[in-house]
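Scroll down for the structure; my scribbles are underneath it.
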Amino acid sequence: MRSHRCGALRAEHVGTRVRLGGWVHRRRDLGGLIFLDLRDRDGIVQVAIGPEWTPPEVLELATNLSTESVVLVSGAVVGRPEEARNPDMATGDVEVHADRLEVIGQAELEALPIPVWRTKGEDPPAEELRLLHRHLDLRRPELQRNLALRHRLLQRTRTALTSLGFYEIETPILTKPTPEGARDYLVPSRVHRGQFYALPQSPQIYKQILMISGFDRYFQLARCFRDEDLRADRQPEFTQIDIEASFVAPDDVYSVLETLFLALWDEAGHSITAPFRRIPFHDAMEHYGTDKPDLRYEVMLTDLSDVLTGRGFRAFDEALSSGGRVRGLRVPGGAALSRRDLEALTAVAKEAGAGGLATLRRKGTNLSGPLAKLEGLSAEIAGLDDGDLLLATAGADEVTSRALDPVRRAVIARLDLPPTTAHAFAWVDEFPLFERDPETGAVMFAHHPFTAPHPADAGQLLRGERAGVRALHYDLVYNGHELGSGSIRITDAELQLRILELLGISKAEAHQRFGFLLRALRAGAPPHGGFAVGFDRVVMLLAGAESLRDVIAFPKTTAARALFEDAPTDLDPAELNELALKVDNA
RNA sequence: GGGGCUGUAGCUCAGCUGGUUAGAGUGCCGGUCUGUCACACCGGAGGCCGCGGGUUCAAGUCCCGUCAGCCCCGCCA
């Protein structure tokens, strides 16, 4: 039907006849001469309609053509006059002199509540309208580009992992509910009245079974479902690149993932280098206050207890004597921040739970700020060069970390510090295996209950100690975003039972919930481990999009609603009855 | 579950301490126009001011509730 795509035409096509299909992006009717911008997924080309080359009936058609209608155009590709070229368009050196025009799909005005074409600088239509009229929103070149990139990244994932010896294997979408972790999306069974499937939160157990079955290396572009409240970077259904490999240690997993990420970033036009940096969890918390530090910037947290206590600042001295520390940031050039900026930083710290944020600015030899009156504190002792700023807060490490991470990011933003690199990847490892619920004090999984303990901490674990036990768990962090996480799994059924027991899950309960995994582990399990990449987030970052909704064709709203197709919906009583369900709207 | 922001013409927005006929740009309709590319110019139509209640002589504007979208906290092993 077509000879070319609109966006493909170039100077080399001049002199050829083409047949194009596309949407009327814009129309400029100059009276005797009409220009159409014809759009398809590859781009836009100008179609010129004029009495010298266009028959009168086609001219007539073009005069009444509405934007967003679908047309088939035939004509000759001609070079534009020198002064009429458009350097901002990929096809701007040429145009198509149309002599045939068929209107295939007339776009009715009422069917176009939101514009596809948008004036430069104008805000996009409300998100609600964009989602409601998704078929129109998706016509916009940005979203076409984003989804094209998503496609290329998916294909690159397949080729990269395939050439590393991975098999793509699908796992069930209808699976077994898991009481731990996120809430499951549940699916009632018609055949087994009163029983339910769950949609997978991830294919975790299935991929372990595949390793035990001897497939050696598995990946899947897995759809996952979690019934939890949404965020800008969280959708109820999402895609992860799910990976598992046998006979591996963490280094082997890192190497696979580094190869994959080199390929993905290359696909988006970025050259990055491996191996990635490694940071133990403890160091990340100590130097950045978070387990997903943005390592593009050099500013780091430091322990200021020695420097700032014993000098008559009561809040600091008290924190130290009750087991806390004074921690903060030395910010080169930070003295340039205004008083208003410093107040804003203090607000950030307090918002994050700090008691306050004390400041010390050095300009020349002059020290100013609340810390300037500390006894015997000099610029040298404080470690400040001319123009530097010191920020400090005191308390338990959890409190100061939680506060100083956002303070650090706010300082970087306010000073507009230059990044030392555009792409800062790092592995964060040596996570604790357990964590405590801050309210109940109960011990919980820090990750999932199949994560292997660090072999160096096996002794502690055997003695029943839990506090300092590390896990063979790792996160991949990029520019302050967590791209994914993984671990080496437990392959010993006895150890698996013991870990579950430490978490208060009895043997009987363990068998009821995870029996199929335990049974498999007893049948000869290879050492194995893997990783899961948050694919939507990767696409979002590489596309430069601000929301996951801009890299997902049909996303949900923050209330987990699908506006375009209007889901979820009520069911007929007959349908409910068949599923043995009653809706109680009390 | 909690907090914040937003809701005015098809779309994007303005609308002051409550005051007479609710505006702009764009799109749309009609007209002029042969080198535009945000075409230009002339004219026109277009409003449940999200919804419900209240205060007031008077509400787009103030108050209460509610719905929707977005952002954040909790949550997301």
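Order of the sequence lines fixes the chain letters, A, B, ..., with proteins taken first and strands second; residue numbering starts at 1 for each chain.
- Rounded to a whole angstrom, the distance from the C1' atom of B:C33 to that of B:G43 is 15 Å.
- A distance of about 11 Å separates the P atoms of B:G25 and B:C41, rounded to the whole Å.
- The base-pairing partner of B:C49, taking Watson-Crick or G-U wobble contacts with both distances under 3.5 Å, does not exist among the strands shown.
- Of the candidates B:C28, B:U34, B:C73, the closest approach to any side-chain atom of A:Leu30 belongs to B:U34.
- The residue A:Ala84 sits close to a base: some heavy atom pair falls under 4.0 Å.
- The number of heavy atoms from other shown groups lying within 6.0 Å of OH (A:Tyr197) does not exceed 12.
- Nucleotides B:C13 and B:A22 have their C1' atoms positioned 14 Å apart, rounded to a whole Å.
- In this structure, A:Asp123 reaches the sugar-phosphate backbone alone: every heavy-atom distance under 4.0 Å involves primed, P, OP1 or OP2 atoms, never a base.
- No contact: A:Glu83 has no heavy atom under 4.0 Å from any strand.
- The aromatic ring centres of A:His133 and A:Phe564 sit 6.0 Å or more apart.
- Of the C1' atoms belonging to B:G53 and B:C73, the separation is 31 Å, rounded to the nearest Å.
- Within 4.0 Å of A:Arg118, counting heavy atoms only, lies no atom of the nucleic acid at all.
- Not one side-chain nitrogen or oxygen of A:Arg80 sits closer than 4.0 Å to the OP1 or OP2 atom of B:G35.
- At a threshold of 4.0 angstrom between heavy atoms, the contacts of A:Pro124 are confined to the sugar-phosphate backbone, with no base atom among them.
- Between A:Arg231 and B:C73, a side-chain N or O to OP1/OP2 separation shorter than 4.0 Å is present.
- Applying the 3.5 Å distance criterion, the base of B:G35 shares a donor-acceptor pair with the side chain of A:Glu95.
- Of the two residues near RNA chain B, A:Arg183 and A:Leu563, the one whose nearest nucleotide lies more 5' is A:Leu563.
- Crowding of A:Arg41 atom CZ: a count of heavy atoms from other residues, nucleotides or ligands under 6.0 Å not exceeding 12.
- Put simply, A:Thr557 has a side-chain N or O that comes within less than 4.0 Å of OP1 or OP2 on B:G69.
- When the shell of 6.0 Å around CZ of A:Arg100 is examined, it contains 12 or fewer heavy atoms from other residues, nucleotides or ligands.
- What separates CG of A:Asp291 from C1' of B:C76 is a distance of 14 Å, to the nearest Å.
- At a threshold of 4.0 angstrom between heavy atoms, the contacts of A:Ala48 with the nucleic acid are absent.
- Residue A:Pro280 comes nearest to A:Glu430 through the heavy atom pair CB-OE1, 4.0 Å, listed as atom of the first residue, atom of the second, then distance.
- If you check distances only, the side chain of A:Asn86 does reach the base of B:C37 with a donor-acceptor pair under 3.5 Å.
- Residue contacts for A:Leu109: at a heavy-atom cut-off of 4.0 Å it reaches the sugar-phosphate backbone alone, with no base atom in range.
- When both distances must be under 3.5 Å, the Watson-Crick or G-U wobble mate of B:A38 does not exist.
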Derivation of the side chain to side chain donor-acceptor pair (under 3.5 Å) call for A:Thr91 and A:Gln46: CA-CA 8 Å; A:Thr91 61; A:Gln46 174 164 284; over 6 Å; no
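- Atom CG in A:Asp93 sits about 20 Å away from atom P in B:G35, given to the nearest Å.
- Contact annotation: A:Arg28 side-chain N/O to B:U34 OP1/OP2 distance is not under 4.0 Å.
- The nucleotide B:G25 finds its pairing partner in B:C11, both defining distances of the Watson-Crick or G-U wobble pair being shorter than 3.5 Å.
- When Watson-Crick and G-U wobble pairs are counted only if both distances are under 3.5 Å, B:C70 pairs with B:G4.
- The 5' end of RNA chain B is approached more closely, in terms of each residue's nearest nucleotide, by A:Glu127 than by the other of A:Arg234 and A:Glu127.
- You'll find a donor-acceptor pair under 3.5 Å spanning the side chain of A:Gln46 and the base of B:U36, going by distance alone.
- Which of B:C70, B:C76, B:C28 sits closest to the side chain of A:Thr558 comes down to B:C70.
- Nucleotide B:U34 holds its C1' atom 11 Å from the NE2 atom of A:His97, rounded to whole Å.
- When the P atom is compared between B:G4 and B:U66, the two are found 13 Å apart, to the nearest whole Å.
- For the pair A:Lys350 and A:Glu343, the salt-bridge criterion is not met [side-chain N within less than 4.0 Å of a carboxylate O].
- Counting non-hydrogen atoms under 4.0 angstrom, A:Gln235 reaches nothing in the nucleic acid.
- For the pair A:His481 NE2 and B:C76 P, the computed distance is 22 Å after rounding to whole Å.
- The side chain of A:Arg85 places no N or O atom within less than 4.0 Å of a non-bridging phosphate oxygen (OP1 or OP2) of B:U36.
- Across the protein-nucleic acid pair, A:Leu38 atom CG and B:C37 atom P stand 19 Å apart, rounded to whole Å.
- Around atom CG of A:Asn64, more than 12 heavy atoms belonging to other residues, nucleotides or ligands sit under 6.0 Å away.
- Residue-level contact check: A:Ile34 touches neither bases nor backbone, having no heavy atom under 4.0 Å from any strand.
- In this structure, A:Asp229 atom CG and B:C70 atom P are separated by 12 Å, rounded to whole Å.
- Taking atom C1' on both nucleotides, B:G35 is separated from B:G27 by 24 Å, rounded to a whole Å.
- Summarising the local packing, NZ of A:Lys507 is surrounded by 12 or fewer heavy atoms from other residues, nucleotides or ligands at distances under 6.0 Å.
- Here, B:U8 and B:A45 have their P atoms 23 Å apart, quoted to the whole Å.
- Annotation: A:Phe431 is not in aromatic contact with A:Tyr474 [ring centroid separation under 6.0 Å not met].
- Comparing B:C71, B:C73, B:C11 by their nearest atom to the side chain of A:Ile114 picks out B:C11.
- The residue A:Asp29 sits close to a base: some heavy atom pair falls under 4.0 Å.
- Residue contacts shown for A:Arg39 are absent, as no nucleic acid heavy atom lies under 4.0 Å away.
- B:C72 and B:U36 have their P atoms separated by 46 Å, with the value rounded to a whole Å.
- Annotation for A:Gln106: atom CD counts as buried by contact number, over 12 foreign heavy atoms lying within 6.0 Å.
- Straight-line distance from the CZ atom of A:Phe35 to the P atom of B:C33: 16 Å, rounded to whole Å.
- Contacts between residues 487-510 of chain A and RNA chain B, defined by a heavy-atom separation under 4.0 Å, are absent.
- Between A:Leu129 atom CG and B:U6 atom C1' there is a gap of 13 Å when expressed in whole angstrom units.
- Other residues, nucleotides and ligands place no more than 12 heavy atoms under 6.0 Å from the CH2 atom of A:Trp23.
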